[in-house]
Amino acid sequence: MWLKSLIIASLLQVGIAGAANAAGPFGSVNIGNWIGGAFSNDQTGAFSHCAATTPYANGVILVVSQNSAGTWSLAFASPSYRFNKGENAAIDVTFDGREQARLYATAYQSNMLTAIMPLNVVRTFQKASLMVATAGRAVLNFDLTSTGPVIAALANCASKVKADGLDKAGDFTKVAAKPAVAGDKQGAPPAKPGRTGTFTGTGFVVSPNGHIVTNSHVIDSCTGDIKGNLAGEAAMVLRVVSSDATNDLALLQAPATAAFKDFAKIRDRSMHSGDSVVAIGFPLHGYLSSDLTVTTGIVSSLSGFRNHTGRLQISAAIQAGNSGGPLFDLSGQVAGIVVAKLNALRMIKETGQLTENINFAIKTGALRDFLDNSVVPYQTAEPKGELKTADIAANARAYTMLISCTGTEQADAKR
């Protein structure tokens, strides 16, 4: 009974940072040894979080949760723990002996530590087979065989409950495909859900230490190694450092043996409507040229689809595979990151109008915030003078990369 009671208490507590009086579960998550569902705040009746938990032979109960704000948590519970409430601890986690991360946990109750999981850690946790957690002298192993479908079920749980309410909660393991949005992201050629193959995008080096920026949606479906290569050079395996799904940015790291004398400089001034831009990347790799492709245009608007203030609308043509590539001003500084084009077929259905050459890029403000949070030693530069397009492309060749990986297209991927 103590085990069942602790599991229930863990489910109630982990998603709400220690607040008492949670109720549930509503609906169900039942995968392997994982059980869970949706929970409400018993004081307000509002949806609080979705959580699933499973006990391990090492005496620890693992709890994964996504709350109503979309934040993921990972908790470690045990009847043998004796923490002071509010006590903090650092937990180092290693996945499959390769990917490593440090989580900062808090004891919201005496027998459990709860840590926020950044999105890049959630993705690794979802794909990994084994996790080793180290806190002080304690080293614990966790089999993660079923965590892939558990993460998918919890994400489905949170989105369905927020959309339909707790009274319509059901079996959250039945994940439905999401409809495509009008602004489709351009990470790879169109794929049927579940297709396994090679996915490609573009990235660019932003520091002498080999930090590489791309879109998070470029690497979302990767299950194998992520590789990057400059035009005409051998591919190298890249490591995921961090990812920001909200702004669609990802930071990769080249091997320590790789040397980069040249890297992109980021424009330190805002763009204006009508400014000329140059987009460089690897569109439709395997169909078009394997070399860099260069297109030109202007900044059509200082906001994106549905007035997205973090985007620029550009007329420079882009295709699948351009995602994550640099958008340059005429001085050769990075003025944005290519992210999407308007889905013309979708817009014909919605408006009856054929839309042409409406494309989007992420503004450098979001990029700089992302790099600052990741402590990347990038450089900024003032726009001074104008270069020929050919010279901008020649300079970009030294640090613009084809990003590729093998993976399985998710049903709700927008590539």
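For reference, positions follow the sequence shown, starting with 1. Any value given below was found using the heavy atoms of this structure, including those in side chains, with hydrogens, waters and symmetry copies removed.
- Evaluation of the side-chain contact (heavy atoms from CB on, under 4.5 Å) rule for Ala393 yields Ile280, Val294 as partners, not counting sequence neighbours.
- By the salt bridge (charged side-chain N to carboxylate O under 4.0 Å, His left out) test, Asp291 pairs with Arg397, sequence neighbours left out.
- Environment of CG in Asn395: crowded, with over 12 heavy atoms of neighbouring residues, nucleotides or ligands closer than 6.0 Å.
- The list of salt bridge (Lys or Arg N to Asp or Glu O under 4.0 Å) pairs with a residue in residues 137-146, not counting sequence neighbours, is empty.
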Test side chain to side chain contact (heavy atoms under 4.5 Å, CB included) applied to Leu327 and Ile314, step by step: CA-CA 10 Å; Leu327 181 75; Ile314 59 174; 3.8 Å; yes
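- For Phe83, the ring pair (Phe, Tyr, Trp, His ring centres under 6.0 Å) partners two or more places apart in sequence, or in a different chain, are Tyr81.
- Counting non-hydrogen atoms of neighbouring residues, nucleotides and ligands closer than 6.0 angstrom, the CG atom of Asn307 reaches no more than 12 such neighbours.
- For Leu166, the side-chain contact (heavy atoms from CB on, under 4.5 Å) criterion is met by Phe26, Ala38, Ser40, Phe47, Val161, not counting sequence neighbours.
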Stepwise side chain to side chain contact (heavy atoms under 4.5 Å, CB included) check, Gln100 with Thr134: CA-CA 11 Å; Gln100 295 182 338; Thr134 304; over 6 Å; no
Candidate pair Val241 and Leu252, rule side chain to side chain contact (heavy atoms under 4.5 Å, CB included), full reasoning: CA-CA 5 Å; Val241 177; Leu252 309 176; 5.9 Å; no
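- Residues Phe95 and Leu144 have side chains in contact (heavy-atom distance under 4.5 Å, counting atoms from C-beta outward).
- With Thr173 contributing its side chain and Val29 its backbone, the two residues share no donor-acceptor pair below 3.5 Å.
- Residues forming a side-chain contact (heavy atoms from CB on, under 4.5 Å) with Ser146 (at least two apart in sequence, or on another chain): Ile31, Trp34.
- Counting only residues at least two apart or on different chains, the side-chain hydrogen bond (donor to acceptor under 3.5 Å, both in side chains) pairs with a member in residues 232-242 are Ser242-Ser374.
- Heavy-atom contacts from other residues, nucleotides or ligands closer than 6.0 Å to NZ of Lys227 number 12 or fewer.
- The stretch residues 249-267 participates, sequence neighbours left out, in these side-chain hydrogen bond (donor to acceptor under 3.5 Å, both in side chains) pairs: His211-Gln253, Arg267-Asp329.
- Applying the ring pair (Phe, Tyr, Trp, His ring centres under 6.0 Å) rule to Phe76 yields the partners Phe142; only residues at least two apart in sequence or on another chain are considered.
- By the side-chain contact (heavy atoms from CB on, under 4.5 Å) test, Asp391 pairs with Leu387, Lys388, sequence neighbours left out.
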Evaluation steps, side chain to side chain contact (heavy atoms under 4.5 Å, CB included), between Ile151 and Trp72: CA-CA 10 Å; Ile151 292 293; Trp72 289 91; 3.7 Å; yes
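- Among pairs with a residue in residues 111-157, those fulfilling disulfide (SG to SG under 2.5 Å) read Cys50-Cys157, at least two apart in sequence or across chains.
- Listed by chain and number, the residues in a salt bridge (charged side-chain N to carboxylate O under 4.0 Å, His left out) with Asp96 amount to none (sequence neighbours excluded).
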